[in-house]
Amino acid sequence: MKTSQLLIPTLRDDPGEAETVSHRLMLRAGMIRKTAAGIYTYLPLGLRVIRKVETIIREEMNRAGAQELLMPIASPAELWKETGRWNYYGKELFRFKDRHERDFCLGPTHEEVITDLFRREVRSYRQLPLNFYQIQTKFRDEIRPRFGLMRGREFIMKDAYSFDLDEEGARASYQKMYDAYTRIFTRCGLTFRAVEADTGLIGGDVSHEFMVLAATGEATVVYTAEGTYAANLERAEVLPPTRVDDTPPQPLTAVTTPNCRTVEEVTSFLNISPHRLVKTLLYLADNEPVAVLIRGDHELNEVKLARLLGVTDIALADAATVSRLTNAPVGFAGPIGLSGIRIVADHAVSAMRNMVVGANQADTHYLNANWDRDFKVERFADLRNAQAGDPSPRGDGPLILAKGIEVGQVFLLGTKYSKSMNATILDAHGKERYAVMGCYGIGVGRTAAAAIEQHHDEKGIVWPYPIAPFHVHLVPVSQSARTVATAAHLYEVLTEGGIEVLWDDRDERAGVKFNDADLIGAPFQVVVGDKGLADGVIEVKIRRSGAKSRVAPADLVPHLRRLAEELA
RNA sequence: CGGGGCGUAGCGCAGCCCGGUAGCGCGCCUGCUUUGGGAGCAGGAUGUCGGAGGUUCAAAUCCUCUCGCCCCGACCA
C-alpha cells in the first residue's frame, strides 16, 4: 500500500490523554482514534494489526478443532434471566429496550446465547465434543475504561465455548484450548505466563489466565523462578505460618496513641515493627458487618474474604458504619469488646502473641492482646495477599511478584450454564445429561496493545513480525526520477514476493519519513536513495536492532527472507 | 460511585487569579530555496474559548447549572 492511499495520521507530540506506552503509541502511529470514553475507531493501520492477531487466532482455533460462528451483539433479557445474570452482572451489562419495550443487552460474553443454541440443536452424545468460537465486538460498560485498547468498553474478543458429555471430556477440551492459547501468544511474539486464576462473574471451577508480563499490567501475578507454580495474586495461596511466637502472654495494657490511625503512624509512635500489629478491617459483606484481622505488614485479599464468607458483594465499611460498630473514629478499631459481629482472621494472626490492636476508643491502642484470652476469632483462614519471598504453596521456592496484562482466560465451567438453562444431551444409555462446558476468551485489541508494551523503544513501536501491520516500510529518500522509479519497482517485486509493503510515497523530507517509519514500527525499513543507487545498492534497516545492510535490488527479497528467519 | 484535574485552532499549550472581545509552538495551504534523521524565508487560512443560563456597558476570564474527558481508588476479561 502507498501511504498516500491510507489514512495514517501520525502525531508528532504525545497526546495528553494517553498515559501508557501502548495507548500513546497507538494514537501517535495513527492506528486508533477515540470516539467516546473506552470506545475507539480502528484506523487502517490499527485494523491491519487486529486482523493479523485474528488470523493467528483463527488458525490455531481451527487447528484445535473449534468451529467458527457469529452470534448477535444484542441478546434478549430472557436468556440472561434464565441464568440469573440479568441481575447478577450489575451495571456493567449494557441494557436497553427495543421499540416494543422488550429488554435487551449488548453481549459482554455469550454463554447464554451459545447454550441456548446448543440445547436447541444438539441432542446426542455422538455429536460431541463440540467447540464453537467467534471473533466479535463485545460491550461491557466498564466503571473506568482506560489505557486505550487495554480496557475499553467496546472491544474485540475471541470467545469459544466447549461442550462435552462428561468432566473428563471437558478437561480434554480445556487442555486443547490451553495449548492453543500457548501457541497463539507465542506466535504473537509475546512473553507470557499462564497462571491460576479466579473465575469472577463467569463462574466455574478451574481457570487460567494468560498474562503478558509488562510493568504497565493491571494484574499482579506471583510465580516461582524454577518451579511451575504461577497464579494471579487474587488467587495465590498463602501457606499457614510454620513458626509460632511462643513468648508468654503479657498483661493487656491500653496506651494512648494520639492521632495514630495508620499502621505506619501507630508503629512508628510505639516504635514497634508492623508485624507486631494487627489491623482490624471492618467490611460489609452482603451488607452484614464483619471484622477481619490482618497482620500490620500484610494486605487483605478481598477475593479470598468473599470466598470464605460465601458472599458476592464485599466492601470496606464507610466511616459512619465504622464509628457505629466501634464507637470510635476510623483508625482505632480492634477486636476486643467488639460485640455482635463476626470476627475472622488471617492465618498469620494465629501465630502471633502479645500483639498491638486498636482499642475501639479514640487515640487508644492495646498492647499485648492475645486471641482467645482477650477476644475470640470465629475462624482463621488464608485471607491475605501473597508477598514476594513467601514460600510457594507447591514447595518449589520463594514467590516472585510481577505485573501482567491479562490477554486471555480459559474456564472449566462445569454444568453451571447447562443446568440453569437445561441444556441436556442423551448419553449412550439414552439418559439425559447436562453438557459439561468450558469457555475461553482472548482480548484481541488487548493482545495488540500488550505486544506494544513489550516491544517498543523511545522512537516508537517495534512490531513482532507476525502481527506487524506491514513487513517492510519502503522509504524513498528523495523525489529524483531514479529513486522513485526504483521504489516503484521494488514495491512490485516485494509484493510479488509475498511481502507486505508500506510505501511512503509522500513528498516529505527523509527525516520525517524515517521518524514515521520508526514510529509505525514495521520490522524492516528499505531505504532507496540516490547515494545508494550510485553504488547499485539499497539499504535495509532492521527496526529492532537498528542494524543496516546494503544489498543489490535483485537480492532484496531473499535477503529479507533471511532476516525474517533470523528475527523469528 | 468517592477523591483530584482538564475542556481555548488538527496536536501540544499560554491567556483566566486582576473582565476590555484570543495568542504561542508544531501541523495545514501558496510561492521560492532546500532535500539521507522531524528544513529556511515570505505570505496565508483555521476558533460558536465544551454547552446553557446569569452578572456586567463589556465575559475565555466572575457566578449557577450542565455535558464531555483524564488520573487515583473501589470494580473488572
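Lettering of chains follows the sequences in order, A, B, ..., and the numbering in each one begins at 1. Reckoned from all heavy atoms, side chains included, excluding hydrogens, waters and symmetry mates. As the structure is a prediction and not an experimental result, all values here were calculated from the model.
- Side chain of A/S162 to main chain of A/G438: a donor-acceptor pair is present (N/O by atom type, distance under 3.5 Å, no hydrogens or angles).
- Distance, A/K34 NZ to B/G7 P: 14 Å, rounded to whole Å.
- To the nearest angstrom, P of B/A77 lies 11 Å from CD1 of A/I143.
- Of the C1' atoms belonging to B/C76 and B/A39, the separation is 50 Å, rounded to the nearest Å.
- For the pair A/E302 CD and B/C76 P, the computed distance is 9 Å after rounding to whole Å.
- Salt bridge absent: A/D382 and A/R307 never bring a charged side-chain N and a carboxylate O closer than 4.0 Å.
- A/N301 places a side-chain N or O within 3.5 Å of a backbone atom of A/L233 that can act as its donor or acceptor partner.
- A distance of about 33 Å separates the C1' atoms of B/C16 and B/G43, rounded to the whole Å.
- The gap from the P atom of B/C49 to that of B/G10 amounts to 13 Å, rounded to the nearest Å.
- The nearest whole Å value for the distance from the CZ atom in A/R146 to the P atom in B/A77 is 13 Å.
- Under the 3.5 Å distance criterion, the side-chain polar atoms of A/R446 are matched with a main-chain donor or acceptor of A/E406.
- Taking atom P on both nucleotides, B/G40 is separated from B/U34 by 15 Å, rounded to a whole Å.
- Distance CD (A/E142) to P (B/G73): 15 Å, rounded to an integer number of Å.
- The side chain of A/D13 lies closest to B/G25 when the candidates are B/C76, B/G25, B/A74.
- Figure legend. B/C17 is base-paired to no nucleotide; pairs are counted as Watson-Crick or G-U wobble with both atom distances under 3.5 Å.
- The backbone N or O of A/D555 lies less than 3.5 Å from no partner atom in the side chain of A/H559, so there is not a single donor-acceptor pair.
- Taking atom CG on A/L305 and atom P on B/A74, their separation rounds to 15 Å, with Å as the unit.
- Protein atom NZ of A/K91 is 14 Å distant from nucleotide atom P of B/C76, rounded to whole Å.
- Shown here, B/C6 forms a base pair with B/G68; the pair counts as Watson-Crick or G-U wobble because both key distances fall under 3.5 Å.
- As rounded to the nearest Å, B/G4 and B/A9 have C1' atoms that lie 28 Å from one another.
- Between the P atoms of B/G20 and B/C28, the separation comes to 34 Å (whole Å).
- Searching all strands for a Watson-Crick or G-U wobble partner of B/C1 with both distances below 3.5 Å returns B/G73.
- Using a 4.0 Å heavy-atom distance criterion, A/G16 is classed as a sugar-phosphate-only contact.
- The distance from the NE2 atom of A/H110 to the CZ atom of A/F132 is 14.5 Å, given to the nearest 0.5 Å.
- Put simply, the side chain of A/K52 never gets that close to the backbone of A/C188: no donor and acceptor are under 3.5 Å apart.
- Across all strands shown, B/G25 forms a Watson-Crick or G-U wobble pair with B/C11, both key distances being under 3.5 Å.
- Pairing for B/A60 is absent, judged as Watson-Crick or G-U wobble with the two contacts each under 3.5 Å.
- Of the residues near RNA chain B, A/E19 and A/D14, the one whose nearest nucleotide (by heavy atom distance) lies more toward the 5' end is A/D14.
- Rounded to the nearest Å, the gap between the C1' atom of B/U55 and that of B/C71 is 34 Å.
- Of the nucleotides present, none pairs with B/U46 by Watson-Crick or G-U wobble criteria with both distances under 3.5 Å.
- When both pairing distances are held under 3.5 Å, B/U35 makes no Watson-Crick or G-U pair with any nucleotide shown.
- Comparing A/Q409 and A/R153 by the nucleotide of RNA chain B that holds the closest heavy atom to each, the one mapping nearer the 5' end is A/R153.
- In summary, A/R543 and A/D457 engage in a salt bridge, as defined by a charged side-chain N under 4.0 Å from a carboxylate O.
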Q: Sugar-phosphate means primed atoms, P, OP1 and OP2; the rest is base. With that split, encode nucleotides 35-45 of chain B 5' to 3' as B, S or - using protein heavy atoms under 4.0 Å.
A: -BBBB------

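- The only member of A/L556, A/V475, A/T483 that meets side chain to side chain contact (heavy atoms under 4.5 Å, CB included) when paired with A/I538 is A/L556.
- Among the nucleotides B/A77, B/C70, B/A74, the one closest to any side-chain atom of A/R151 is B/A77.
- Per the geometry, CD belonging to A/E196 stands 17 Å off P belonging to B/A77, to the nearest Å.
- When the C1' atom is compared between B/C32 and B/G15, the two are found 36 Å apart, to the nearest whole Å.
- When heavy atoms are screened at a 4.0 angstrom cut-off, A/A36 is found touching the sugar-phosphate backbone but no base atom.
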